[in-house]
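Letters A, B, ... mirror the listed sequences (proteins, then strands); counts begin at 1.
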Amino acid sequence: MEDKQPIISIRNVSKRFGQVAAVDNVSLNIMPGEFFVLLGPSGCGKTTLLRMIAGFEIPTEGQILIDGQDMAKVPPNKRPVNMVFQSYAVFPHMSVADNVGYGLKIAGVGKAERESRVAEALELVKLDGFGTRKPNQLSGGQRQRVALARSLVMRPKVLLLDEPLSALDAKLRAQMQFELADLQDHVGITFITVTHDQDEALSMAGRIAVMNKGDIAQLATPSDLYEFPANRFVADFVGSVNLFEGRLTLDEPDRAAVDCPGLGKVYLNHGVTGPHGADVWVAIRPEKIYLHVPGAGKAIRGAAEDAPEGHNFARGQIKGMSYLGDITLYDIRLETGAMLRVSRPNLSRRDQEDFTWDDRVSMHWRADSAVVLLN
Amino acid sequence: MESWKNHKALFAAIATAPLTWLILFFLLPLGIVWLYSFGTNQGLTQIDISGTFANYARALEPLYLGILWKSVLVAGATTIICLVVGFPVALAIVFASDKWKPWLLLGIMLPFWTNLLIRTYALMAVLRTEGYANQTIGWLHDKFGWLMTLVGLPPPGAYEPMHLLYNNFAVIFGLVYVHLPFMVLPLYAALDKLDKSLIEASLDLGAGHLRTLLMIVAPLAAPGIISGIIITFVPALGAYLTPDLLGGPDSQMIANVIERQFKRANDWPFGAALSFILMYATFIAIAFQAMKARQAEARQ
């Protein structure tokens, strides 16, 4: 990726609808062959950004370059990108083959070549033999494959996907996540997907731009986004998280401490490089917290304060449980009165019977598990 | 919503009055006129329902067939002009901003709320030889002449007012004016339902606006187009007032002939037969539309 020219370059792009800025001064480079995801809550501007790349919205300010070419004066039908719409937008009055062949027909591709390319595209999305069917004879998932094939057959430089999986049921969605990633790998076209679903984003993306209120909150790989969120919004939006307000009381290159009224003193084994005494937020993912019966930790490990050496420690009482099959979520009221969420994998069939409502429990987490957020 | 089937008594109570009205004042007279169409005149007011087809046979004589054919041509021309003018109007309303939509629809419907006779007389004031249309064109003509003299060219001769009234042009113009809302509203309803992303998908796949219109919008709006055509064509075919007031001696339509049978000619059986020929044609058209609509529904 180092020396390559970005396939899409978004430069200081803003889009205002009246007084409201849907997209606010966004700059972004997307590299050829990337699986790029725009993630954010509804109304964050992700769809507007995608539609500006497709040409359905005109930026109020800024510049969009596709393959080095300024797109300012290029209408949607002349852009080297294709879009898969949220509603799929499969033409209801045409057969599957006519739908897939529509763009080629417009482009003046001859009948013989068109037919072979349509067949190829249908095979690619595993719909071979469906050519003569009408869209009303297809399931939602199949209709989406038609929309995909219809775009891919055009061999675009970039494929844009607007909430591609939102209309599918959970099982099909999980399957399509893999298939989409697989397909992208196979065809080598740059994919840009818009979604509000973080699981979808984490499982498919090479890089994710998390958007909030028209701005990019963080641009990172899925694991960086999850493990090293840059701010409170990202920590909270991607995955679930326990957030505590606190004051940075110690900040050295190899250790730091945050005094949280809700959680007590939180120690970290790395520096934070924030101003001393600053108001910060501590974020801890529920799955990074170990849960055990009080005293057990001490008995096993012989460490001080009921926790392994170097771990942070807290005590509380279980106030809520939700069993999700693979994991169980515990809502624990700490001695300070604050609530903490802990998740625990059900490694054996009886794991979730270890704890129940109103049990007093001890918790500990590694010194590098918590993330300190400055904003 | 609750089904009326659960409240049969209430339904009957509500439906009885309008149903009685319809039967007494619509179906019954219609039935009588239908019977008249198989009757023969016996004296001035006496009609004998003899079961004869003579009236229909007479209606199919070249004279009346010619007028019927002419009515079909005039109504057809009206419908085509309404479609060509109404489609872009409907499209423009569909894509107008939400703030403007109700006002534009109001603009389409406003003429509905004015009496047809008043509107027709207003149209006469516009189309007359000394009317507003000729005045405006005459004024432009004079100004153009003045401009020509200004640049040193000979001015064109004096403006000769056009004869816009009392001819077929005036009839079609008047019918288009009256029937345009009938075309625009069903087209608007059909186009408004259309998923806008289908249009965007077509553009995205490389089609221009015209091709998108022809290959995506028009086929999907076909049920609305057919409704609009029938809703415009049927009343235009039976138009009476417009050809009567705006038309010339050669532009009478079938409704004018029917009126004459019931009044001046006092030949009610023949008038009834002519009326019902129009009705049969209408029924066939509506049945055709229903069939098309069912086909479209089956496709969805």
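For the atom pair B:Ile216 CD1 and A:Tyr102 OH, the distance stands at 4.0 Å (nearest 0.5 Å). Between the NZ atom in A:Lys105 and the CZ atom in B:Arg211 there is a gap of 9.0 Å [rounded to 0.5 Å].
With a threshold of 4.5 angstrom between heavy atoms, A:Val90 approaches chain B through N, CA, C or O but not through any side-chain atom. For chain A, the nearby parts of B:Asp204 are the backbone and the side chain; heavy atoms of each come within less than 4.5 Å. Contacts between A:Met154 and chain B at a heavy-atom distance below 4.5 Å involve the side chain alone, from C-beta outward.
Side-chain contact between A:Phe91 and B:Leu205 is present, with heavy atoms from C-beta onward closer than 4.5 Å. With a 4.5 Å cut-off on side-chain heavy atoms, B:Glu200 and A:Arg51 count as touching.
Options A:Lys78, A:Gln137, A:Arg150 differ in how many heavy-atom pairs under 4.5 Å they form with chain B, and the most are formed by A:Arg150. Ranked by heavy-atom pairs under 4.5 Å with chain B, the list A:Gly103, A:Pro135, A:Ala89 is led by A:Ala89. By number of non-hydrogen pairs under 4.5 angstrom with chain A, the leading residue of B:Leu203, B:Ile199, B:Leu198 is B:Leu198.
Here the closest heavy-atom approach between residue A:Pro92 and residue B:Leu220 is recorded as CG-CD2, 3.5 Å. Listed here is the closest heavy atom pair of A:Ile106 and B:Gly206: CG2-O, 3.3 Å. Residue B:Ala201 comes nearest to A:Phe85 through the heavy atom pair CA-CE1, 3.4 Å, listed as atom of the first residue, atom of the second, then distance.
Applying the 6.0 Å contact sphere to CZ of B:Phe95 captures more than 12 heavy atoms from other residues, nucleotides or ligands. A 6.0 Å sphere centred on CZ of B:Phe112 holds more than 12 heavy atoms belonging to other residues, nucleotides or ligands. In the displayed structure, B:Phe144 atom CZ is contacted under 6.0 Å by at most 12 heavy atoms of other residues, nucleotides or ligands.
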